[in-house]
Student: 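Would you mind keeping the following structure in view while I ask a few things?
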Amino acid sequence: PPPPPPRLRWRSSFEMVADAVYGDAKISRQDIMKWNGWGYSDSRFLFNKKGQGEFTGKRYRLSGMILPSLKDWFEATFGTSLQHKTPATPTLNVSAVPPPNLVEPFVEELKVAGVAASHDPEGRVFRSHGHCLHEIFALREGRIGRVPDLVVWPNCHNDVVKIVELACKYNVCLMPYGGGTSVSSALECPLEETRSVVSLDTSQMNRILWIDEKNLTVHVEAGIIGQDLERQLNESGYCTGHEPDSMEFSSLGGWVATRASGMKKNIYGNIEDLVVHIKMVTPRGVIEKSCQGPRMSTGPDIHHFIMGSEGTLGVVTEVTMKIRPLPEYQKYGSIVFPNFQQGVSCLREVARQRCAPASIRLMDNEQFQFGHALKPQVSSIFTSFLDGLKKFYITKFKGFEPHHLCVATLLFEGDREKVLQHEKQVYDIAAKFGGLAAGEDNGQRGYMLTFVIAYLRDLGMDYYVIGESFETSVPWDRVLDLCRNVKERIVRECKERGVQFPPFSTCRVTQTYDAGACVYFYFAFNYRGLADPLHVYERVEHEAREEILANGGSLSHHHGVGKLRKEWMREAVSTVGLGMLQSVKEYVDPNNIFGNRNLL
Amino acid sequence: MRVRSSSRLAVILKLTTLQTLYSTDHPGLKKRDELEDMLEERRRSSDARHALRCYAPAVYKGLAPREVSALRGAVLQSDALQHVIGQVSAECGERRELVQEEAAHLLDEMAHRLRLGTVRFFAYVLSKVFKTLFRSVRVNEEGVQRLQQAIQDHPVVLLPSHRSYMDFLMMSYILYTYDLALPVIAAGMDFMSMKVVGEMLRMSGAFFIRRSFGGDKLYWAVFSEYVKTMLRTGYAPIEFFLEGTRSRTGKSLTPKTGLLNIVMEPFFKGEVFDIHLVPVSISYDRILEESLYARELLGVPKPKETTSGLLKARQILREDYGVMHVYFGHPVSVRSLAQGRVKRSQYNLVPRHIPQRPCLAAQALVGEAAFRLVRLQEQAMVLRPWTLVATLLLQNPDGMDLPVLEEQAAWLRRLALSFGAFLDWPGRTCRPVVGAGLALHKNLARVSGGRVRLAVAETPGVGQTAEELAFDRAVGVLSCASYRNQILHVFIRPALLSVALRTANSSRKDEVYTCFNFLWTVFSNEFILCPGASVQDFEEACYLLGKCCAVQESQQDIVMSEGGHATLAFLRALLDPFLQGYQVVCQYLCKETEENLRENKFVPAARNFALQLILAGTLKCYEALSSDLQKNALAALVQLEAVTKVKV
C-alpha cells in the first residue's frame, strides 16, 4: 500500500491567519492573544454551567470538546470547589500604566530612520512580561509594574543596526522581545533602571531569506515565530525539526538567546546543533562568522557567547539553520510501566543503545492521572467498553498498581519501514523493564498535554490554584533520587508554609542524552487561606531549585537563567566562569545598553 | 463495683505520675510523655499467645519487605562494593573473583538473618525473663507512636543508650510487642563466640562487626554498603549504640561517629529524602552488671561472653531489679540538622559509588549531631530517687542519720527538678521513697541504728590483705558512684561553675569564665560537653544557678548569693572525686621516671600508684582507682598537650 501522507501535528494551527500585519500602525500579535494569560484569546479552559470541563476555540485537537473527568480530578487534586472563584480583571486599566519616559530626540531620529515605534500603553504592557507565575498573577489582579517606555519594530537587520546606534547615542536601554514566552523573568524591566527602556520587538523580521537545498540550510530573520518557520518550510518540503513546547509563540531569536531545546532533538538536535551561522547586532558592532563551514577550530566558538546570552549582548537578527526533508512517516506510541523506576531504567537503556525515537518522555503516576482527566467524552459505548477492558488488562491481569504505574509517550519519525523497525526495537527494550505497549492514542494525548498545560494554569488561577513548571538536567544515576527528593521537598515546603491542601507535585523525564536526562516538574497548589500566596509560591520554587542543585541537577536545561535564577549563577559556573562572561559583557556593551540585567 | 474502683485507682495513679513528671511547682520544665507499664499486659495474658500472635508491622512507605537473600545480592552487586573490589584486586594482584568471594564471606560473617520463628522464641522467653527481673518496664507510648509514624515516612536509625546487655534485647522486645518493624542491630563481634546464642541473636536481627578494622578497605566497604543498602531501601530500622560500648560508669560515653557517618551519608548524597534519628533513653533501677562493672573498672577483665557464662548468670534471675524505663525521644531529622550547614552539591562531581571523604562541614556536623543525640538521651533518662540518695551517701562516707538523709534528699530533689531533671519521684513525701531505694539497693547501703552508710567493709575479713580490703571498698564505692553518675548530667554545668567561682581570682565574669573553660576542657572526655559549646554551657550554668538563687549576676560580675552556700558546696563536692582523681593521675605522671611510658602500662601503673596512696592513708577517694577516670584524664592531658603520644 502507498505510504500515508505525513501527519503533522501542527496542521490544526497552520490555518491561522498571519500574525502581524505589515505596515499597519497596530503591528502586533496582541490582538489575538490574551493580555493576562497564555496563548490565543479564543482558546481557554472553563467549567461550563453543568460543571463540565471544556476547551474553547477551534485551534487545537481538544478545542470544542467536553472533558468529563476534569472537574473531579481538579477538585480531588487541589481540594478546591467550583464555588470559590478568583476571576481575573477582565480588561487592562490603561490609566494604571505609568506614563512613558521618552527621550524625545531618540524618538525623533527613529522616525527619521523610518522605524515603527509606539508608546501605546497596551502594547507596552504586553511586552513587559513573560509567563512566570508572578507576572501573570499580577496582571490578573490588574497590577502593572515597570513597563517599557517605548516599543520599536525594526523591519530588518539594518533597522536594528540603526536602533542600536541611536540607543548608544542617547543612552537608552534596549530590551529585545521575541515571542514573549520567557519563564525566567527575563522580560521584566529591572526596577533599578532609570533610563528610558525600549522594547525591541523582532516580530516584523520574520522572513525566510533563502533556502539552500544543496547544503540543506535556511537563512531566516530571527523574529520568525516557530510555527510560521515550520509551516513555511513544510511548504517547500522541509523542516528544521526544532519544536520546543512553546513553538506556537516563541521566536527563532529567542531560541538562540536562551539555548532552547526541541522536543525532537534526538533526530534534529538542540538549537546549538542546528545553528550554522548567527548575525547579531551589538553596541560594538555586528558579530558574525565569515563562512558557513559546518565545524571550525577557530578558538572558542563565538556562537557560544551568543547562544544563552539572554539579550544582554545584542539582538540576533539573522540565523542560518540546518533543515531536513520532511519525514515521510510519523507515529505516536506509548508504553505503560509498572512504576516510575522501571520507566527510568528503560529510558536509560534506550539512551545507552542510542535508539531514542524523535521524542520519548516518561510521565510519573500523577501526571498519567492528570492526562486521564483530560480525556474527552468518548463517542461510543464501544470505546468506553474498550477503555475499561484495557484498564482491566493492565491493572488486574498484569498486576500493575494503578497508583504506581506510569507512562512513556513516544514519537517516531522517518521512512515508514525504519519507523516500524525502530518502534519494535524500542518496545522490545521496554518489555525487558516490564513495559507494555499502550497504544497511539495515549501517546498523542501525552504530547497534547504539553501544549495545553499552559492554558490549564489559567483555569487553575480562576479557582485559587497557582502553579508553574520548571526543569533541570541531571546525570542518569541521579534521576530517580532527584525526582523523588524534589517532589517531596515541594510537598514538605508547602506544608510548612501553611498550604492547606497537599500540592500537586509531579515530574516527567522529557529528554534523554548519552549522559543524563532532562526532568520537568509541574507544581501547583490551592492557595485559599494564604495571606501572600505568591510569596509562598516563590519560596517553594526557590527551595525546590536548591534541592535540584543539591541533588546534582543543573540550574536550567533550556528555560535559561533570566533574573529568576541569577542568584545561583556563581555557584553554577564558578567565580572565574562568571568573570569570563562579565568581561565579555564589559567589552561588547560597556554602557549596558542591553540592560535587561539577565544572567549576570 | 470492684472494676470501677480499680479503674479509678488507675486514674489516680496516672495523675500522680503526671504530677511528678511535670511538677506544677516547677514550671518551665520540658513537657515529657507519660510512661506506661508494658509488662502489665504480659502478666495478664498468655506469653505463648503473645509470641505467636499475628505480627504485621507497618513498613517504610508501605514497601513490600525484602528477603534477606535479596539484600545480600544487592550489597554484593552494588556499584560501591564492586568499585572497591576492583581496587583491592588491582592493589594486591588478586583475582577479582577471589576478592569477590572474600567480600561475600565477610558479608556472611557480618549479616543478620532475621527469622520470625526466632523472634517469636525470644518474645516468649524474654516475656518470662523480664517479668521475673523487673517489677515493671515503663515505656512512653506516645514515643512509640511517633516512631511508628517515622518508620513509615523515612528510614529510621534507633540510637539507644547503652548500659546493659539487656538494652538491645529489650529494644527488640518492645518493638515486637508494639507491632513495630524489628530493627537490625549493630553488635560487637564478641557475641559471635557464644555459638548458639550468637546465631540466635543473628536470627533476631543482630549483625556483627569487628571491633577494629581501620585499614581493611574491603571490610569497610562491605560493612558500610550493607548498612547503607538497608537504609536506602527502608529495609528495616537500623539500631546501634552511639556510645560504642556499654558504659560501665553510668555516665554517657563520648559518642563514636563512625557509624553515624555511614548512616548520614545516604542523605548527603541525595539517595534518600531524609533520615530520622531516634534517641532512646533506657534506664534501670538496678543494673544487672552492677558489680561486674565496678570490678572491670578496677582491672578485673570482663568475662568473655560464653554461652555457659550466660547459663551461670541464671542466678541473677533470683534478684529484684526494680523498674526499667524506656523513653523514645522525638525523631531528629538529618535534613534539618544539615540545613544550611552541609553543601550536598559537593557530591555532584564524582559518581556516588566512589568513596569520598566527607567535607569538613559534614564531619563537624556529624560530630555535633552525635553529641547532641547523646545529650538528648541523657535528658530523657528517667532518674530514680536512689540516684539522689547514692549521691548524698557518697558525699558523706561516714554515714548519715536517716532523717537527715531524707531531708537532704528532699532538698536535692527540688534542686534537681529546678535544673530540669527527669525525676520519677512517686508521691511527694520523702520517707517511703528513700526507704524503697535503700531496700532495693541493700547490697550497696546499709541502715543500722537509724544511720545509713555505704555497705563497705570496715575491717579486713579473715585472711584478707589490706589491699584486698581496699579493693572491696572500691567495688562498693564505684557501684554506688555508677548511680550518682546517672544524675551528673543534670548538675555538671553548674558544678563546673561552682568550682570556677571558687578558683577564680575575682568575681569578674571573664575571669570566672576562664576558669570555667579550663575545667570544661579538662573534663570534656569525662562528661558529655558538646565541642565548642563552652560559652553556651557557661551561660546555661549561670542561668541555672541564678534560677535557684545560688548566685547573682550583674553586667560584669557573678557572685555567690547569700543563701547559695549549700547549693554551691554540694555542687563542688559532686566534682570533688573527679578533681582528686585527675590530680592523682597528674601526680603519677610527674613522678613517673621512665622516659617513655607505654600506653598499655599506664592504667595498671596509675591504679597501683593510687592504691599505694590509699593504703598510706593519704588518699580517701576510691574513685581515683577507676580505669575509666584514668583513661579520661590521660586523654584530656593529651588534648591539652601536657602529654604527647609517640609511636615507637
Student: Please check if atom NZ in B:Lys343 has more than 12 non-hydrogen atoms from other residues, nucleotides or ligands closer than 6.0 Å.
Tutor: no

Student: Measure A:Glu546 against the heavy atoms of chain B and call it side chain, backbone, both or neither at under 4.5 Å.
Tutor: neither

Student: Do B:Arg344 side-chain atoms and A:Leu549 backbone N/O form a donor-acceptor pair below 3.5 Å?
Tutor: no

Student: Which atoms of A:Arg478 come close to chain B, meaning under 4.5 Å heavy atom to heavy atom: side chain ones, backbone ones, both, or neither?
Tutor: both

Student: With B:Phe273 as reference, evaluate A:Asp481, A:Asn485, A:Asn551 under the side chain to side chain contact (heavy atoms under 4.5 Å, CB included) test and give the passing residue.
Tutor: A:Asn485

Student: Crowded around A:Glu567 CD? As in, over 12 foreign heavy atoms under 6.0 Å?
Tutor: yes

Student: Could you check whether atom CZ of B:Arg232 has more than 12 heavy atoms from other residues, nucleotides or ligands sitting under 6.0 Å from it?
Tutor: yes

Student: Decide side chain to side chain contact (heavy atoms under 4.5 Å, CB included) for A:Asp477 and B:His353; before the verdict, give the C-alpha distance in whole Å, the side-chain angles of both, and the deciding distance to 0.1 Å.
Tutor: CA-CA 10 Å; A:Asp477 69 316; B:His353 65 267; over 6 Å; no

Student: So with a 6.0 Å cut-off around CD of B:Glu91, is the heavy-atom count from everything else above 12?
Tutor: yes

Student: When you look at B:Asp274 and A:Glu488, which way does the side chain to side chain contact (heavy atoms under 4.5 Å, CB included) test go after all the steps?
Tutor: CA-CA 10 Å; B:Asp274 198 355; A:Glu488 193 154 348; over 6 Å; no

Student: Based on non-hydrogen pairs under 4.5 Å, which of A:Ala550, A:Gly552, A:Gly553 is most in contact with chain B?
Tutor: A:Ala550

Student: At a 4.5 Å cut-off on heavy atoms, which part of B:Arg335 comes close to chain A: side chain, backbone, both, or neither?
Tutor: side chain

Student: Please name the pair of heavy atoms, one in A:Arg484 and one in B:Gly270, separated by the smallest distance, quoted to 0.1 Å.
Tutor: NH2-O, 3.4 Å

Student: Can you establish whether the number of heavy atoms outside B:Lys61 located under 6.0 Å from its atom NZ is more than 12?
Tutor: yes

